Amino acid sequence: MRIHPTLFITALVAILFCFAIFHVGAGAIDIPVSEVFNAIASPISEHYFIVNNFRLPRMLISMLVGASLALSGLLIQGVIRNPLASPDVLGVTSGASLAVILLAVFWPQAPLELIPPTALLGGFIATAILLFLARHLLQRPAAFALIGIALATIFSAAIDYLLTVNPLEINTSMLWLTGSVWGRNWSHIPLILPWLAVLLPCAFLLSFKLDILALGDDTATSLGISVKALRVITIIVAISLASAAVSVCGSIGFVGLVAPHLTRSMIGNRHLLLIPATALTGAILVVSADLFARVLMPPIELPAGVLTAFIGTPYFIFLLCRYKNW
Amino acid sequence: MSSLPAHQHFPVNKVQTNKESVFSTLKTPLIFTLCTLALIASLLFSLIAFSQFPLSLSDIWPLIFNPSGDSLNQQIIVELRLPRTLVALLVGIAMSIAGLLMQGITRNPLASPSVFGVSAGAAFAFAFSATGLLPGLSHIPVIFITMTGALLAGVLVFFLGGLHQKNANPIRVILAGVALNYLCISMTRAAVIYADENAYGVMHWLIGSVSNSSIKDVYSMLPGTIFGVVIAILISHKLNLLRLGDEMLNSLGGNTQRLRMIASVATIVLIASAVSVAGPIGFIGLVVPHIARAIIGQDFRLLLPLCALLGATLMLISDSFSRIIRFPDDSPVGIITSAVGALFFLLLALRQVRTTR
């Protein structure tokens with residue numbers, strides 16, 4: 001099924017807009033859809049405080065995080081040509097989470113600005129270990145994914161250990177265990193927005209070369225592309241995006257896996273179009289996951305990562321069953 | 001795994017020097033004696049170690065030979081430590097034998113309750129019944145609920161991983177199992193948050209702990225464990241044949257389908273009884289069979305008792321050390337087993353990747 005790209009992207013923007021409105025409106029105090037804009041804009045509205053201090057930043061964070069994770073997954077899948085790859089399957093996000101938790105446990109007073117670089121460091125170390133262990137396996141997607149998952153298991157065992165030994169507040173722990181946008185506010189937006197603002201143009205710059213890389217290493221080399229350099233740069237961009245997302249809200253699983261597949265199946269393989277479409281799809285996934293996580297059984301709030309796992313794991317298994325090169 | 005030299009299967013290597021044969025006849029009893037001693041030592045250690053009260057070995061001897069029941073230390077050991085120790089012991093036995101059986105019937109070295117999502121499935125069923133969304137579930141004994149969960153997860157992994165096809169790729173099965181494991185963990189998280197309203201218990205639930213065991217838990221685990229172990233012993237010689245290949249077993253008069261079915265039932269009962277008491281304690285079922293195989297070889301008749309001994313010993317040691325991580329508070333034993341087991345998982349995965357294709 002192929003849809004015209006402009007049409008598809010427009011539709012995505014519209015869907016994202018709808019979910020965003022519902023996201024701001026839903027919660028312990030229901031704000032009717034017609035009232036939402038009024039509440040954002042005019043300080044005299046009775047919901048002004050709730051919307052501007054709690055709902056709006058949370059919604060924006062969900063969007064940014066979803067977009068970053070999805071883009072990261074798109075770039076990783078593009079560059080190692082592995083349909084099963086994504087930052088969480090390869091252990092990048094759990095590595096980044098582990099680094100942030102180590103920081104939180106051993107230096108609780110650390111300034112907020114230190115979190116993204118820490119996450120980045122963790123993400124890069126995790127990737128370096130993975131690439132070292134699986135250096136012979138780049139041509140074997142399933143085997144590569146298996147090593148990534150084994151690494152992710154080690155990191156999450158370490159996270160379990162740290163969180164049990166040094167109990168944090170339960171919602172904070174849950175955030176690092178599953179990924180959640182609980183309690184995110186305006187102060188967290190500067191942690192992720194600059195990264196996205198820098199890395200999104202980078203992704204666009206890379207998109208033409210990624211299209212050529214999709215034709216195969218040999219073709220790309222003969223067309224004047226330094227394949228190795230392209231791989232390295234793209235992986236750096238992808239890991240930075242994933243780590244920035246993790247530094248804000250933990251590892252929300254499977255967005256980076258599902259979103260690129262969805263958009264690829266709708267509009268084909270041109271990266272110039274895939275990049276905005278995937279970012280939008282990722283944003284929709286996380287915003288809707290957080291929306292459902294809050295409205296499914298109020299007043300209890302589920303972590304958004306639990307909801308994305310409900311969608312993501314069946315999809316991963318579906319990919320496994322469809323994958324033919326066993 | 002099936003490419004091992006023939007002399008490991010059958011005692012045909014008669015060309016041996018005298019010295020070697022003496023050693024090899026003594027080797028097995030020696031290994032078992034050492035492992036039994038290790039188990040007894042870890043049992044005693046677990047009974048007295050890392051307590052807030054000054055317990056010592058001298059509190060245990062009168063307990064056995066002259067139980068008066070007056071002393072405070074004896075009370076602590078009998079009422080608090082003994083049930084916990086016994087549960088850890090039984091869980092270790094159940095999980096490692098379940099892992100051994102799974103590795104036997106799938107011929108996949110990474111098969112184990114935690115990697116294939118079976119124990120996570122059982123834990124989810126338990127957590128779901130605790131939410132009270134289906135009120136009828138509270139009348140059913142826990143063991144049946146966890147069995148259903150384990151069964152469903154097992155069947156799902158079986159088909160999603162492609163084990164029903166000929167030449168199933170071992171990596172595919174593992175990836176499917178890991179994904180299912182992740183899904184079950186997520187659902188358990190949701191169920192526990194729903195049931196417990198935000199308690200810190202979520203982590204203890206998902207990691208697996210024996211710290212709150214009572215003597216009732218021992219009794220509820222005992223029948224399932226004994227059932228599973230007896231079945232495993234009864235089919236162990238056939239598992240030896242299965243290791244040589246489906247055709248070999250069938251041509252020697254066995255029935256592969258029936259053997260796999262019986263072994264699966266035993267596995268599910270074992271996992272269900274362990275999970276219903278202690279939660280999904282990770283990776284014991286993966287690690288222990290490999291250690292046992294490295295020590296004693298491939299014969300299931302010897303592997304079974306050795307797995308039971310080693311599994312119990314490892315669980316007891318991990319449980320003892322889980323108490324000092326955050327002394328005097330208890331930590332769930334699962335964080336120790338999964339930290340160790342995850343490393344092991346990575347090593348096995350690297351080896352598996354090298355051997356397939």
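Chain letters run A, B, ... following the sequence lines, proteins first, then strands; residues in each count from 1. No experiment lies behind these values; they were computed from the predicted model shown.
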### Message
Would A:Arg135 and A:Phe132 count as a cation-pi pair here, with the cationic atom under 6.0 angstrom from the ring centre and within 45° of the axis?
### Response
yes
### Query
Mind checking whether B:Phe345 and B:Phe283 have parallel, tilted or perpendicular rings, split at 30° and 60°?
tilted
### Query
Which atoms of A:Ala309 come close to chain B, meaning under 4.5 Å heavy atom to heavy atom: side chain ones, backbone ones, both, or neither?
both
### Among A:Val89, A:Val165, A:Leu151, residue most engaged with chain B (heavy-atom pairs, under 4.5 Å)
A:Val165
### Query
Could you walk me through whether A:Arg231 and A:Asp217 pass the side-chain contact (heavy atoms from CB on, under 4.5 Å) check?
CA-CA 11 Å; A:Arg231 284 228 162 93; A:Asp217 287 9; 3.2 Å; yes
### Message
At a 4.5 Å cut-off on heavy atoms, which part of B:Ile174 comes close to chain A: side chain, backbone, both, or neither?
### Response
side chain
### Message
Quick check on A:Phe310 against chain B: is it the side chain, the backbone, both or neither that has a heavy atom closer than 4.5 Å?
### Response
both
### Summary
Applying a strict 4.5 Å limit to non-hydrogen atoms, the region of A:Ala150 in contact with chain B is both
### Message
Quick check on A:Phe54: does its CZ atom have over 12 non-hydrogen neighbours (other residues, nucleotides or ligands) under 6.0 Å away?
### Response
no
### Query
A:Phe254 versus chain B, heavy atoms under 4.5 Å apart: side chain, backbone, both or neither?
side chain
## Note on the structure
Counting heavy-atom pairs under 4.5 Å with chain B, the top scorer among A:Leu137, A:Leu296, A:Leu307, A:Val306 is A:Val306
### Message
Taking A:Arg184 first and then A:Asp290, would you say they form a salt bridge - that is, a charged N and a carboxylate O separated by under 4.0 Å?
### Response
no
### Query
Could you state the interatomic distance from CE (B:Met102) to CG (B:Asn108), rounded to the nearest 0.5 Å?
9.5 Å
